[in-house]
Novice: 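The following block contains the structure, expressed as structure tokens.
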Protein chains: 2
Amino acid sequence: MKPLTGRQQSILDYIARFMDDNDYPPTIRDIQAELTISSTSVVDYNLKVIEERGYIRRNRNISRGIELVQRDRSRRGSSMLSIPIVGQIAAGLPIPVPGDLESMGTGEDADVLEVGPELIGGNPAGVFALRVRGHSMVDALINDGDIVVLRRQETAQNGETVAVWLREERETTLKKFFLEGENVRLQPANVTMEPIYTRADNVEIQGKLVSVHRSIS
Amino acid sequence: MKPLTGRQQSILDYIARFMDDNDYPPTIRDIQAELTISSTSVVDYNLKVIEERGYIRRNRNISRGIELVQRDRSRRGSSMLSIPIVGQIAAGLPIPVPGDLESMGTGEDADVLEVGPELIGGNPAGVFALRVRGHSMVDALINDGDIVVLRRQETAQNGETVAVWLREERETTLKKFFLEGENVRLQPANVTMEPIYTRADNVEIQGKLVSVHRSIS
DNA sequence: CATAGCATCGAACGGATGTTCCAGTCAATG
DNA sequence: CATTGACTGGAACATCCGTTCGATGCTATG
């Protein structure tokens with residue numbers, strides 16, 4: 001993107017400020033008044049330049065027809081993910097099955113975790129969050145009160161960290177998954193701790209761990 | 001909030017749809033054309049009603065001067081925080097001092113962590129993020145590659161988790177802080193591990209731990 | 001100096017847009 | 001039936017606002 005002159009940068013800055021305040025773009029005369037430019041044609045001229053440089057998009061013959069292309073990306077919820085916190089995860093409890101994520105996901109009053117997409121990395125579909133109860137997952141460096149984000153899936157590649165339900169033990173755990181013949185090795189994230197070995201048909205994969213979030217009260 | 005008639009609800013819906021598509025509000029005549037209403041005065045009349053009901057705000061004599069009050073809350077990046085990742089934190093390294101957070105904070109290319117405000121809880125001023133290097137903080141349930149969010153402060157209340165620089169040992173650590181007379185007890189978050197005791201003038205508080213984020217590759 | 005390109009300026013034009021006034025329609029009510 | 005209130009129509013009016021045009025500097029460039 002080509003650089004802008006000082007005046008053009010001022011105009012662009014003002015447009016951004018104006019839209020933050022007012023929810024709608026400024027008119028050419030708004031810009032003219034703010035920057036004490038003597039003529040609307042000067043503003044129009046510079047807006048054309050800014051548009052050619054790619055910073056804004058203009059809708060001809062439409063009042064306030066200025067859109068910031070820059071902002072569409074970083075701005076707003078468009079790049080913001082609201083992940084529903086559908087329940088709790090604890091050692092002795094099976095992972096709750098989120099009914100239909102779509103309908104409850106963006107509900108106003110529902111408990112949601114808002115994060116940027118860089119922490120999810122990939123398609124946000126099928127992703128949900130659970131609040132951790134108890135200290136049973138400290139071996140995975142996960143504390144009581146943490147929020148874990150999982151992607152629902154029933155199989156796993158070797159090395160992926162997954163939430164599994166152990167049928168015999170009747171408990172949930174969060175470990176790295178390795179299929180070794182008939183058996184499964186479940187390795188804690190904390191390298192100083194020992195893995196669990198069990199039969200493959202004893203583990204029921206609930207989802208893949210996507211991210212962990214801890215807010216200090 | 002009082003209910004709306006069908007036509008008024010249609011108008012409100014269309015305004016919301018229009019603003020999603022265009023980044024600016026519709027004109028009265030846009031609404032008129034979309035809903036095939038025969039007169040602009042009908043739209044104006046209904047907009048006045050909708051405004052009285054509290055669903056929108058209108059700016060008189062301003063083109064496209066319609067704002068959705070509903071959206072201001074849940075809307076977009078307004079409630080989204082971009083926290084700059086200003087460096088790394090490791091056992092043997094002092095915490096980098098962020099120069100001026102404001103100027104570099106929202107830079108386009110700067111590495112930023114985007115999270116919702118519920119994970120920060122409080123004023124986002126003076127908050128910055130660091131990427132964790134090494135496994136020296138597993139006792140605080142923090143792994144290599146995690147991102148920690150800190151609020152810059154040089155003092156701490158007992159019980160707060162803080163990032164401290166130990167002058168003698170020349171290393172950084174992240175522990176719960178307890179001032180006990182002349183000495184300081186630094187307690188790991190992991191309850192199974194032993195605390196560190198040291199003189200108060202050996203600890204240099206760098207900031208208070210606000211949150212921890214881990215993204216599984 | 002002549003020329004060209006860039007940025008600015010002032011003014012006017014014309015379409016876009018909010019506002020207002022008056023006349024209706026329709027259902028509910030007495 | 002008359003009245004009232006909520007709502008819709010049609011048209012005109014007054015700005016608001018984007019666009020265009022001619023003119024003026026200003027800075028290279030040759």
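All chains are named by letter (A, B, ...) in the order of the sequence lines, taking the proteins before the strands, and each is independently numbered beginning at 1. Scope of the values below: all heavy atoms of this structure, side chains included, with no hydrogens, waters or symmetry mates.
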Novice: Using a 3.5 Å cut-off and no angle test, enumerate the donor-acceptor pairs between side-chain atoms of residues 31-39 of chain B and protein atoms at least two apart in sequence or in another chain.
Specialist:
unit_1 : atom_1 : unit_2 : atom_2 : d
B:Q32  : NE2    : B:I37  : O      : 3.3
B:Q32  : NE2    : B:S38  : O      : 3.3
B:S39  : OG     : B:S41  : N      : 3.1
B:S39  : OG     : B:S41  : OG     : 2.8

Novice: Could you check how far CD1 of A:I37 sits from P of C:dA7, rounded to whole Å?
Specialist: 13 Å
Novice: What is the distance, rounded to the nearest whole Å, between atom NZ of A:K48 and atom P of D:dG18?
Specialist: 12 Å
Novice: Could you check A:I28 against B:T36 and say which one's nearest nucleotide on DNA chain D is further toward the 5' end?
Specialist: B:T36
Novice: Show your working on side chain to side chain contact (heavy atoms under 4.5 Å, CB included) between A:E67 and A:N59 and close with a plain yes or no.
Specialist: CA-CA 8 Å; A:E67 299 179 57; A:N59 300 275; 3.1 Å; yes
Novice: Rounding to an integer number of Å, can you tell me how far A:E52 CD sits from C:dA7 C1'?
Specialist: 14 Å
Novice: For B:Y45, give me all partners under ring-ring contact (aromatic ring centres under 6.0 Å, His included), at least two apart in sequence or on another chain.
Specialist: none
Novice: Would you kindly give the CZ-to-C1' distance between A:R60 and D:dC17, to the nearest whole Å?
Specialist: 14 Å
Novice: Can you list, by residue number, the residues of residues 38-45 of chain B that have a non-hydrogen atom closer than 4.0 angstrom to DNA chain D?
Specialist: B:S38, B:S39, B:T40, B:S41, B:V42, B:Y45
Novice: Counting just side-chain N and O atoms, does B:R7 come under 4.0 Å of either OP1 or OP2 of D:dT8?
Specialist: yes
Novice: I'd like to know if the side chain of B:R58 and the backbone of B:G65 have a donor-acceptor N/O pair within less than 3.5 Å.
Specialist: no
Novice: Does B:V42 offer a backbone N or O that forms a donor-acceptor pair with the side chain of B:N46 under 3.5 Å?
Specialist: yes
Novice: Given atom CD1 of B:I56 and atom P of C:dG18, what is their separation to the nearest angstrom?
Specialist: 12 Å
Novice: Whole angstroms only, please: what is the CD-P distance between A:E67 and D:dG18?
Specialist: 14 Å
Novice: A:Q8 CD to C:dC6 P: how many Å, rounded?
Specialist: 12 Å
Novice: Counting only side-chain N and O atoms of A:N46, is one of them less than 4.0 Å from OP1 or OP2 of C:dT8?
Specialist: yes
Novice: Report yes if at least one side-chain N or O of A:R29 is closer than 4.0 Å to OP1 or OP2 of D:dC16; otherwise report no.
Specialist: no
Novice: Determine, stepwise, if the pair B:V203 / B:L166 fulfils side chain to side chain contact (heavy atoms under 4.5 Å, CB included).
Specialist: CA-CA 5 Å; B:V203 308; B:L166 298 176; 3.7 Å; yes
Novice: Does B:N61 or A:N59 map to a spot on DNA chain D nearer the 5' end, using the closest nucleotide for each?
Specialist: B:N61
Novice: Can a donor-acceptor pair be found, under 3.5 Å and without considering hydrogens, that links the side chain of A:R64 to the backbone of A:P25?
Specialist: yes
Novice: Is the phosphate of D:dT19, meaning OP1 or OP2, less than 4.0 Å from a side-chain N or O of A:R58?
Specialist: yes
Novice: Rounded to the nearest Å, what distance is computed from the CG atom of residue A:L47 to the C1' atom of nucleotide D:dT20?
Specialist: 15 Å
